[in-house]
Protein chains: 2
Amino acid sequence: MRPFQKEKIRIGLLGLGVVGSGTVSLLQRNRHAIERKIGLPIEVRRIAVRDKSRPRAVKVDAALLTENAYEVIDDPEIDIICELIGGVEPAREYVLRALQNGKQVVTANKEMIARVGHELMEEAARRNLDFQFEGSVAGGIPIIQPMKNSLAGNRIEEVIGIINGTTNYILTAMAEEKTDLSTALKEAQSLGYAEADPTSDIAGHDARYKIAILASIAFMSRVNVEDVYVEGIEHIEAADIAYAEELGYTIKLLGIARRVGEDRMQVRVHPTLLAKNHPLASVHDVYNAVFVRGDSVGDVMFYGRGAGSGPTGSAVVGDIIDTCRNLRFGATGRVGCTCFERRTILPIDEVDTRHYIRMVVHDRPGVLAAISKVFGDYDINIEAMIQKTIKGKQTDIVWVMHEAPCRAIREALEIIRHLPVVVEVSNWIRVEEWND
Amino acid sequence: MRPFQKEKIRIGLLGLGVVGSGTVSLLQRNRHAIERKIGLPIEVRRIAVRDKSRPRAVKVDAALLTENAYEVIDDPEIDIICELIGGVEPAREYVLRALQNGKQVVTANKEMIARVGHELMEEAARRNLDFQFEGSVAGGIPIIQPMKNSLAGNRIEEVIGIINGTTNYILTAMAEEKTDLSTALKEAQSLGYAEADPTSDIAGHDARYKIAILASIAFMSRVNVEDVYVEGIEHIEAADIAYAEELGYTIKLLGIARRVGEDRMQVRVHPTLLAKNHPLASVHDVYNAVFVRGDSVGDVMFYGRGAGSGPTGSAVVGDIIDTCRNLRFGATGRVGCTCFERRTILPIDEVDTRHYIRMVVHDRPGVLAAISKVFGDYDINIEAMIQKTIKGKQTDIVWVMHEAPCRAIREALEIIRHLPVVVEVSNWIRVEEWND
């Protein structure tokens, strides 16, 4: 490839919503410094939007707007396409065509990267093009670039993320205000931290895309997002948060990715009792953080705002700057896909972890013996137990178990659930410690 | 420049101490994955050491070692020189000669970068060479590369770092074990967290180099390290930590860099009462963290181990990988020095901040009035006050002041110190809040 021959670098945007307007606004505001860093002028040349008449959060020349995405993708003058519309289609089709047209691509589209990113990265690699997606995970927090560059010497052992701001806000509110999930959700919605339909956040799907992307980079392997175990926070009750507190834990929705042997990995999303000494435990409200353990660097954590116009715009502009530098030096495709290995995801039943179990039992002799026997039959060791009489003849029992496979817990709880002394098994939540 | 023509990339090391052995060990251990990421084989070709007969923490072929640094620097086959000996001279001379020989340079030398980095960067820029120094600040934590890349679109408003592990360990121990500084220091020394002569850490000089480097990148300006105000933790007493706790703060040695107007900046190192809700407040023991506020990204924080063989080796290898990628694509010099602006450091007297003041007074009527009058005369507003009788006729008074210039506090305390009602002004510590 040759160094860049044109007098300026031209950028086309697909989408001018929350992320698009953050991107354009930042490029406008700090243009001078950005151009000095790149060493060439930049120009936002064309922006595709669904409806030209819609009011925008950023001031742009109306002549830049088009309702036809192909007027951006096929513009021969444009060097970099920023795909900021989200979802798999038509984003995938647009990006593929942009790459086929020889354009560099920057995107913040987690679902597209998690589902079909590999196909797009292969197309980019074939053509020595940049294809960057820092904004797809954890908003403005630098995590993809640091994993691909600064930490690239490490064998990454695990990545754990608080990568959904909505659920972190809700869980923080439930803990601090001792309120229940539906109240906290309404509060989050009124503040604009949760969508009118919050399913994708609450049920963990949003976090699932993100941990799939992080695992793929960490373990240098494709990750089939459908194989990622996902469990949302719908079943978390105020009682769980109170017991967690009493036991020295905080409840967080975590994405957990862990290297397993030579050809497997854990990749999962679920609410977790997280030990209070863990660096992630003090990440509150809408903040996100990603914790990475490398064989050389040890434990590092990246913290910041995981969503929003400014933060995600910052990530997109960071990718644009990196791409511009590569363009200028004729070095696009410099850092490509690193999925050199083939790992499969361990089914959740086979995952060894610690467990929290809350149940309601009848307050009569022999209860503990009956339940403990079932745990014992499944080789499940009890680490801690709290028993509290809640009303008349019923008692809450909370257990924390040493490491055991999820299958053992699942099967033991199936039996315990049907013991005559047991009223209900109220909740089962996995537990994470920190051993630094 | 042309893409790389040779069959492999050859690396020469200056120094095989703590950082050097971490670097070599990591290159050996993860060689296969590293070479796939780079796209070319790498070879450690030569290592300069002071004493070949010394035992090493890493196994290397004895034939690689030389006691003559110039056999590494002048070896025409070597592409990248890693300077890992520390100190200004002869490191500066070696690096300059390596650059003049057309070699890429990676270093972890904070003092050299802070004092003479600019001169070396100019030499690198003239020759389109890479000159990288991620390991010079905060060990393995990615901070230089993220600021130069992912966050490059932002106008950085402030950078605050816990960037010295020794003092953070000591302050954590003082707080948790309610012990005094000398006991905590001995403990740190016995664990290898403090040197036999701990002056550079305790007095803040180590942190001063690092905040100077971070400020320079954040504000795109040279920083004269001699202008950076520095105050160590020697004067922190158990009483200060206890009062801080009572007031909702934790005491940390912070490096603080803040943008001031168009051509000035604050750059300072001193113990600080840090509000407990600040993300840096939960950074304990030898861990380091750097907090960055950008105009678009908002608040981000980078956390991890700030020193040691593995962590710093991780940073050096990350820089080596980046440099190798640039070499392969003929794109060295791709990200150069960004000191496009000229800013000077605000003298500490002119810095506006909040303040904590502890004093001992005689327990008699009119004391508060006499002292408050002096503060009032200097326009210093009191936010909080604690008064505790400590022994017989003497009383501890602790004040927290709203924002005021350091000069006003200094001058007021000069007068207060000589009031007949005052036994002593025991301590004066600056205060930082977090408004997210």
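What you see is a predicted model, and the numbers here were worked out from it, not measured in a lab.
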Of all of B:G304, B:G336, B:G298, B:G310, which one pairs up most often with chain A through heavy atoms under 4.5 Å apart? B:G310

What residues form a side chain to side chain contact (heavy atoms under 4.5 Å, CB included) with B:A307, not counting sequence neighbours? none

Among B:S150, B:G39, B:S282, which has the most heavy-atom pairs under 4.5 Å with chain A? B:S150

Distance check, rounded to the nearest 0.5 Å: B:R155 atom CZ versus A:I34 atom CD1? 12.5 Å

Interatomic spacing from CG in A:N128 to CZ in B:F329 - rounded to 0.5 Å: 6.0 Å

Hey, could you give me the NZ/CG distance between B:K148 and A:D322, rounded to the nearest 0.5 Å? 13.0 Å

Between A:D319 and chain B, with a heavy-atom cut-off of 4.5 Å, which part of the residue counts as in contact: side chain, backbone, both or neither? neither

Side-chain heavy atoms of A:D299 within contact of B:R305, under 4.5 Å: no

Against chain B, work out which of A:V316, A:V283, A:I321 has the most heavy-atom pairs shorter than 4.5 Å and name it. A:I321

What residues of residues 16-32 of chain B make heavy-atom contacts with chain A at a cutoff under 4.5 angstrom? B:L26, B:R29, B:N30

Which atoms of A:V297 are under 4.5 Å from chain B, going by heavy atoms: the side chain, the backbone, both sets, or neither? both

Contacting region of A:Y287 [heavy-atom separation from chain B under 4.5 Å]: side chain

Closest-packed option against chain A by number of heavy-atom pairs under 4.5 Å, given B:A152, B:G139, B:S309: B:A152

Among the listed options B:I320, B:V317, B:V300, B:T338, the residue most often paired with chain A at heavy-atom distances under 4.5 Å: B:V300

Drop me the distance from B:R328's CZ to A:R334's CZ, to the nearest 0.5 angstrom. 10.5 Å

I'd like to check A:F340 versus B:K37 (side-chain heavy atoms, cut-off strictly below 4.5 Å). Are they in contact? yes

Taking every non-hydrogen pair under 4.5 Å, which of A:T312, A:V292, A:I38, A:N149 racks up the most with chain B? A:N149

Can you tell me which portion of A:N277 sits under 4.5 Å from chain B's heavy atoms? Options are side chain, backbone, both or neither. neither

Intermediate values then yes/no, side-chain contact (heavy atoms from CB on, under 4.5 Å), B:L151 and A:S314: CA-CA 6 Å; B:L151 299 178; A:S314 165; 4.2 Å; yes

Nearest 0.5 angstrom please: A:Y303 OH to B:F302 CZ, how far? 12.5 Å

With a 4.5 angstrom heavy-atom cut-off, which part of A:D295 approaches chain B: side chain, backbone, both or neither? both

Count the heavy-atom pairs under 4.5 Å between each of B:P279, B:G294, B:A33 and chain A, then report the option with the highest count. B:P279

Option in B:S296, B:G308, B:G318 with maximal non-hydrogen atom pairs under 4.5 Å from chain A: B:S296

